Engineer: 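Submitted below is the structure of interest, expressed as structure tokens.
The structure displayed is predicted, hence computed values, not measured ones.
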Amino acid sequence: MVATRPDNVIILTGGLSGSSALAGLLAAAGFWSGENTFRKRDYNTYENSELIRLNRQLMQRADVGEEYTMRFLPDAIDRIAALAGVEDPAEYRALLTECDAHSPWIWKEPRLWLTIRFWNGLLDWSRIRVLLLRRDHVQAWVSMTQRRQ
């Protein structure tokens with residue numbers, strides 16, 4: 001019997017949903033989260049630092065600020081998606097090449113729900129599974145309040 005490798009995983013979340021715990025479990029199971037991952041003061045988020053950089057770059061070029069967790073700009077997703085075909089894809093493809101060299105990989109990054117439509121044309125969806133993590137609005141509000149956001 002020939003073992004097949006698992007599909008890559010993208011976790012879409014608005015944040016504060018337990019996504020770091022899920023990403024940690026997947027990383028422990030052998031999913032690659034990146035050469036360098038973002039660490040908060042008290043835990044590893046398992047967010048690929050290069051993915052964070054590229055998503056921030058997209059947001060900056062689309063004039064979408066970092067307050068995306070507290071203020072929704074209705075056209076932000078469309079402005080970022082419109083960069084596809086305009087933005088030089090070399091850096092973005094380089095990240096995908098690196099990730100594919102370490103398959104199976106996992107992407108988890110809170111900006112990804114805004115940028116996924118840009119990434120859409122670059123990703124091989126035949127080898128990717130998407131997990132959508134959401135949270136009750138009241139519980140999310142409580143967490144944001146406790147974090148003084």
Side-chain angles (χ1 to χ4, degrees), residues 1-40 42-137 139-140 143-144:
M1 176 181 227
V2 176
T4 59
R5 72 168 176 85
D7 289 340
N8 304 306
V9 173
I10 293 176
I11 298 173
L12 288 180
T13 178
L16 302 175
S17 63
S19 57
S20 294
L22 176 58
L25 288 171
L26 289 169
F31 285 77
W32 188 74
S33 58
E35 196 64 41
N36 295 305
T37 58
F38 178 69
R39 291 185 168 273
K40 290 195 175 185
D42 49 350
Y43 64 95
N44 186 348
T45 66
Y46 298 94
E47 295 167 9
N48 185 310
S49 295
E50 181 64 1
L51 177 62
I52 293 171
R53 185 188 75 76
L54 291 172
N55 280 340
R56 281 184 168 154
Q57 178 174 284
L58 288 170
M59 291 172 67
Q60 181 182 35
R61 292 190 176 148
D63 197 28
V64 176
E66 281 289 321
E67 66 277 357
Y68 63 93
T69 61
M70 295 172 275
R71 187 173 69 108
F72 179 68
L73 301 171
D75 65 337
I77 294 170
D78 291 334
R79 290 195 329 241
I80 294 168
L83 294 171
V86 175
E87 187 77 7
D88 181 358
E91 291 181 284
Y92 306 94
R93 288 189 193 281
L95 173 61
L96 290 170
T97 298
E98 181 183 22
C99 289
D100 285 339
H102 296 280
S103 287
W105 49 261
I106 181 169
W107 277 8
K108 182 278 237 194
E109 208 269 298
R111 293 165 196 82
L112 202 49
W113 70 271
L114 288 164
T115 64
I116 195 68
R117 286 176 52 203
F118 173 87
W119 289 101
N120 181 44
L122 301 173
L123 292 164
D124 176 7
W125 290 104
S126 69
R127 297 296 303 167
I128 297 172
R129 297 295 168 249
V130 177
L131 302 175
L132 176 62
L133 285 186
R134 47 187 224 104
R135 192 161 184 204
D136 177 78
H137 298 301
Q139 290 180 359
S143 292
M144 292 180 111

Engineer: Counting C-beta onward and ignoring hydrogens, is there a side-chain heavy-atom pair between W107 and L95 closer than 4.5 Å?
Structural biologist: yes
Engineer: Answer whether the closest heavy-atom distance between the side chains of N48 and C99 falls below 4.5 Å.
Structural biologist: yes
Engineer: Of all the heavy-atom pairs spanning P104 and P6, show the shortest one and how long it is.
Structural biologist: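 For P104 and P6, the tightest heavy-atom pair comes out as CB-O, 3.6 Å.
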Engineer: Not counting sequence neighbours, which residues clear side-chain contact (heavy atoms from CB on, under 4.5 Å) with D124? List them please.
Structural biologist: S126, R127
Engineer: What residues, two or more places apart in sequence or in another chain, satisfy side-chain hydrogen bond (donor to acceptor under 3.5 Å, both in side chains) together with Q57?
Structural biologist: R53, E91, Y92
Engineer: Over all heavy atoms of both residues, which pair between M59 and G65 is shortest? Give the atoms and the distance, please.
Structural biologist: CE-O, 3.5 Å
Engineer: Which residues pass the side-chain contact (heavy atoms from CB on, under 4.5 Å) test with D100, sequence neighbours left out?
Structural biologist: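 With neighbours one apart ignored, the set is N8, S103, W105.
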Engineer: Mind checking whether L96 and W119 have side chains closer than 4.5 Å, heavy atoms only?
Structural biologist: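 A side-chain contact under 4.5 Å exists here.
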Engineer: Between I10 and I116, is any pair of side-chain heavy atoms under 4.5 Å apart?
Structural biologist: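 Counting from C-beta outward, I10 and I116 do come under 4.5 Å.
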Engineer: After noting the C-alpha distance and the side-chain angles of N120 and W125, does the key distance pass the side chain to side chain contact (heavy atoms under 4.5 Å, CB included) rule?
Structural biologist: CA-CA 8 Å; N120 181 44; W125 290 104; 2.8 Å; yes
Engineer: Report the residues that fulfil salt bridge (charged side-chain N to carboxylate O under 4.0 Å, His left out) with R117, sequence neighbours left out, ordered by chain and then residue number.
Structural biologist: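 Per chain and number, R117 pairs via salt bridge (charged side-chain N to carboxylate O under 4.0 Å, His left out) with D78.
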Engineer: Could you pull out every donor-acceptor pair under 3.5 Å between side chains of residues 31-38 and any protein atom, sequence neighbours left out?
Structural biologist:
{"from": "T37", "atom 1": "OG1", "to": "N44", "atom 2": "OD1", "distance (Å)": "3.1"}
{"from": "T37", "atom 1": "OG1", "to": "N44", "atom 2": "ND2", "distance (Å)": "3.3"}

Engineer: Any idea which heavy atoms bring L133 and S19 closest together, and the distance?
Structural biologist: CD1-CA, 3.6 Å
Engineer: Please identify each residue that fulfils side-chain hydrogen bond (donor to acceptor under 3.5 Å, both in side chains) with T115, with sequence neighbours left out.
Structural biologist: N55
Engineer: By salt bridge (charged side-chain N to carboxylate O under 4.0 Å, His left out), which residues pair with E98, not counting sequence neighbours?
Structural biologist: none
Engineer: List for me each residue that meets salt bridge (charged side-chain N to carboxylate O under 4.0 Å, His left out) alongside D75, sequence neighbours excluded, and say none if there are none.
Structural biologist: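 D75: salt bridge (charged side-chain N to carboxylate O under 4.0 Å, His left out) contacts with R79.
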Engineer: Using 0.5 Å steps for rounding, measure from the CZ atom of R93 to the CG atom of D88.
Structural biologist: 9.5 Å
Engineer: Which residues pass the side-chain hydrogen bond (donor to acceptor under 3.5 Å, both in side chains) test with D63, not counting sequence neighbours?
Structural biologist: none
Engineer: Nearest heavy-atom pair of T45 and A23: which atoms, and what distance?
Structural biologist: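 Closest approach of T45 to A23: O-CB, 4.4 Å.
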Engineer: With sequence neighbours left out, write down each residue that passes side-chain hydrogen bond (donor to acceptor under 3.5 Å, both in side chains) with R111, or none if nothing qualifies.
Structural biologist: E66, E109
Engineer: Please enumerate all residues that pass side-chain contact (heavy atoms from CB on, under 4.5 Å) together with L132, with sequence neighbours excluded.
Structural biologist: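 If we apply the side-chain contact (heavy atoms from CB on, under 4.5 Å) test to L132, skipping adjacent residues, the hits are L12.
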Engineer: Can you name the nearest heavy-atom pair linking L83 to L58, along with the distance?
Structural biologist: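 Scanning both residues, the minimum pair turns out to be CD1-O, 3.5 Å.
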Engineer: Only counting residues at least two apart or in another chain, list the ones meeting side-chain contact (heavy atoms from CB on, under 4.5 Å) with A76.
Structural biologist: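 Per chain and number, A76 pairs via side-chain contact (heavy atoms from CB on, under 4.5 Å) with V64, L73, L114.
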